[in-house]
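Single-structure report; data block below.
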Amino acid sequence: MNCFLSISAGKTHIMDPKNKMIKKRKLETGIKVIKIGNKTISLEGYLTKKTKTESNEPLPNPVGASAQDSQTGQTTLSVNLNPKEQQNVAENSKTRAFPGDPAYLKTRQGLPLWTRQDEIRGILQQDDVLVLVGETGSGKSTQVPQFLYQEQWCQRKKVRIEKDGWTEEVNVGGMIAITQPRRVAATTLAHRVSREAGTPLNGERGVSSNRKNATSRGLVGYSVRFDHRVPPGTKIKYMTEGMLLQELLRDPHLRQYSAIIVDEIHERSVDVDLLSGFLKQIVTRDKAGRAGIPLKVVIMSATANVESIKQFFSGATPDEPFDSSTVKEDPTSSPVRLLQIEGRQFPVDVVHTLKPVPDIQETLLKTIFKIHTEEPLQDKHGRADILAFLTGQEEIEAAQRLIEEYAATLAANVPKIKVFPLFGQLSMEAQHEAFQPIKGGFTRKIVLATNIAETSVTVPGVRYVVDCGKAKVKQFRPRLGMESLLAKPISKSSAIQRAGRAGREGPGKCFRLYTEETYGTLEKTDLPEILRTDVLGAVLTMKARGIDDVMSFPLMDPPDVESVEKALLHLHLLGAIDDEGGITETGRKMVRFPVTAPYARVLLAAADPKFECLAEAIDIISIITAGEDIFLQIQTEETKEEVEIYRKELYRREGDLLTYLNTMQLYVSENADRVQWCKTRKINTRNMKQALNIRKQLRGLCVKQGLMEQPPPDPQPFSPISPERAATILQCFLKGFALKTAMLAPDSSYVTTHGKHVVAIHPASVLHGQKKEAIMFLEHVYTQKNYAKKVSAIQAAWITDALEN
DNA sequence: GAGCACTGC
């Protein structure tokens, strides 16, 4: 089939020979129908609010009465036990008391939270939801679960639940989950608490926790991707937010748990927002599935700005979707209690500039040297190093050069300076250097960091913070189907957080490179991620967990209707939802993969006999989802030439995807020294290892779902992919990315088939500077320009093929 | 010729 690009009157359309336009017709107001190619999709089923009341209103939950389960549609019978029975089950599963390690007791008793434990217990004995504000250092993440696990309501109870005419005996409760936004936080907190409690944390590594070689009982466990340690008898389980969201897929009522503690909610990840919605549903109306046994929810935030969160959990339900101004109190729900705990921060003096700063770099330099020459190198609290928050790598490297140049001119009696850059793309070793105490005694450490130092890592020894007032933020533009990455002013909350980094070890100072007036104009909080990213994944997550009417799912900050519509259309195009908006079998298979929807679609297509390239698709997707680009940038021209000799062997003329595949296949065929292999090619070892983990996980999932045979173990001899096979693989990827394509225009620019934007191939792509008939790109980001990333050369005809099924 | 930060049975 031939395609051609017609450009007329400033408009470009791809046409197929039958002259059918491959273009989404604009949604006409009033008519809830959308056309893609020759397909007409009714939006009626999922864009309009359901008239059925059960999905919107709280369920009455009388004892022993059957009720329609709003999430699963199953009819359940809640069985409430009489007091005697209740006592029996409690006796059966009585928790063994862990005395706690006395070595840690004194430290624990010194925490601001220690004296409030009875209050916390008292509140949760009465009510189900507690919002706890505790600043950094209050000890909330480690102490709250230890205060609660021996509570009566935290015992596991054996109950009978009637489902589809069957009486099922199930256990409800017994564990407390504490969610964390990051894996490291979950694992380190679990280790810390297990030490405090004096119980081992040596449950099994791996997915299953009930294999034969079960180890000794323990109180504390954790569960993050690729790493699960849940000893038998675990009562306190630290886990990532995504992990609990996964568990919700299997168990919509979270029956394993007596309580969920949501930590660091102020970071407002998409996962925590979704989780909050599900928790609200369970708390306010979904107790039938738990046989009436309540789920306690503790929401923990480091910032005081929790009024909206409190209101959200108080059972207030929006009258109309997306209109939070018309909330009304739900009289059936229990009240939400609020508790504020003071932190253990030292005071931080905040200094603003008197006038707006025209040149950030110059003012940064001046400020740093003013601190360096006027403030002591150390005091009784310890070192007094400087942490500066900048927007990105480029800015950091420029500042480093300036500071080092100027430092060389300093007099001999002034302390020396050592600058450490700190950003995500740095190698592990380079990041680690920024955390080490300085070696020379007469030297001050200056760390130049991105936002990474605001939440993800803590730099020790910092007493001075310099804050440029900006951060790079990724924002998705649903109308353009692309995202942008630009430096934007930070929020007040973020500015306070940055300043706080100066007061961890002693009284500190924060120098803001903006005026107090500018500070006043900053937004109170950052825009939550769900309002900044493509909600495709969020919508699929909801659909897979039984939410038919995604518009009225409770969210603290609902995305606008247009974003949700776009996501629904996109899901429909991927085959994840049907014309009525219901999740399809394909959609259900897709959510089982720990990758975004388009990649999941590619995996399913790859398993199709038509393509049969699942092993290859997994290799590519593993590398892409492992993190940033595996190819590290090369600093000097000299090393670049050297490295390029080795990299040449990896590059494929078909583009980045085949280059990734080639790299993975050569990497796993390498038998001698994989670390050295990466080093000579300047490949990010950490990401390659992560890619191998993901590859193993995806292969395992695919084998389990019968999509592929058990692949042979590594290392396998390398044999390059044939051009024909390469074409098949790329056509398979088009099943997930048909809309992310562009055609070469007569003026040598690339014009997207969807949206008609001019895109440039990103310099990091192996196809940069090349002209191909058509390209597919997996990412589309506006920074300096409209960039297409992860680019492959394709034939235009493949695009229509992919759209036609 | 360019790269905020996280995450997933």
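Note on A:Thr783: only backbone sugar-phosphate atoms sit closer than 4.0 angstrom, heavy atoms only; bases stay farther off. Note on A:Arg592: a base of the nucleic acid sits closer than 4.0 angstrom, heavy atoms only. Heavy atoms of A:Lys488 sit nowhere under 4.0 angstrom from any nucleic acid atom. At the heavy-atom level, A:Gln697 lies under 4.0 Å from the strands shown only through sugar-phosphate atoms. Within 4.0 Å of A:Val595, counting heavy atoms only, lies at least one base atom of the nucleic acid. As judged by a 4.0 angstrom heavy-atom cut-off over every strand, A:Leu485 is placed among the base-contacting residues. Nucleic acid contact for A:Arg182: sugar-phosphate only, since backbone atoms but no base atoms lie under 4.0 Å from a heavy atom of the residue.
Atom CZ of A:Arg498 is separated from atom P of B:dC4 by 13 Å (rounded to the nearest Å). We find that CG of A:Leu448 is positioned 15 Å from C1' of B:dC4, with the value rounded to whole Å. Atoms CG (A:Leu701) and C1' (B:dG8) sit 10 Å apart, rounded to a whole Å. Going from atom CD of A:Gln431 over to atom C1' of B:dC6 covers 13 Å, rounded to whole Å. Between the C1' atom of B:dT7 and the CG atom of A:Asp263 lies a distance of 16 Å, rounded to the nearest Å. The CD atom of A:Gln705 sits 11 Å away from the C1' atom of B:dC9 (whole-angstrom rounding). Between A:Arg250 atom CZ and B:dG8 atom C1' there is a gap of 12 Å when expressed in whole angstrom units. Going from atom CG of A:Leu275 over to atom P of B:dC6 covers 21 Å, rounded to whole Å.
Checking A:Leu422 against A:Phe593, the closest nucleotide of DNA chain B that is more toward the 5' end is the one next to A:Leu422. Residue-to-nucleotide proximity on DNA chain B shows that, of A:Lys472 and A:Lys704, the 5′-proximal contact is made by A:Lys472.
When ring centroids are compared, A:Phe777 and A:His762 stay outside the 6.0 Å threshold.
Taking the charged nitrogens against the carboxylate oxygens, A:Lys789 and A:Asp629 have no contact shorter than 4.0 Å, which rules out a salt bridge. With salt bridges taken as basic N to acidic carboxylate O contacts below 4.0 Å, one links A:Arg498 and A:Asp467.
For A:Lys696, there are no salt bridge (charged side-chain N to carboxylate O under 4.0 Å, His left out) partners, not counting sequence neighbours. Partners of A:Tyr514 by ring pair (Phe, Tyr, Trp, His ring centres under 6.0 Å), not counting sequence neighbours: none found. Remark: A:His432 pairs with no residue by the ring pair (Phe, Tyr, Trp, His ring centres under 6.0 Å) rule, at least two apart or across chains. Partners of A:Arg647 under the salt bridge (charged side-chain N to carboxylate O under 4.0 Å, His left out) rule, at least two apart in sequence or in another chain, do not exist in this structure.
Pairs passing the salt bridge (charged side-chain N to carboxylate O under 4.0 Å, His left out) check and including a residue from residues 486-497 of chain A, sequence neighbours excluded, do not occur.
Between A:Thr240 and B:dG8, a side-chain N or O to OP1/OP2 separation shorter than 4.0 Å is present. Neither OP1 nor OP2 of B:dC6 sits under 4.0 Å from any side-chain N or O of A:Ser269.
The stretch residues 522-534 of chain A touches DNA chain B through A:Glu529, each having a heavy atom within less than 4.0 Å of the strand.
For a distance-only test at 3.5 Å, the side chain of A:Lys640 qualifies as a donor-acceptor partner of the base of B:dG1.
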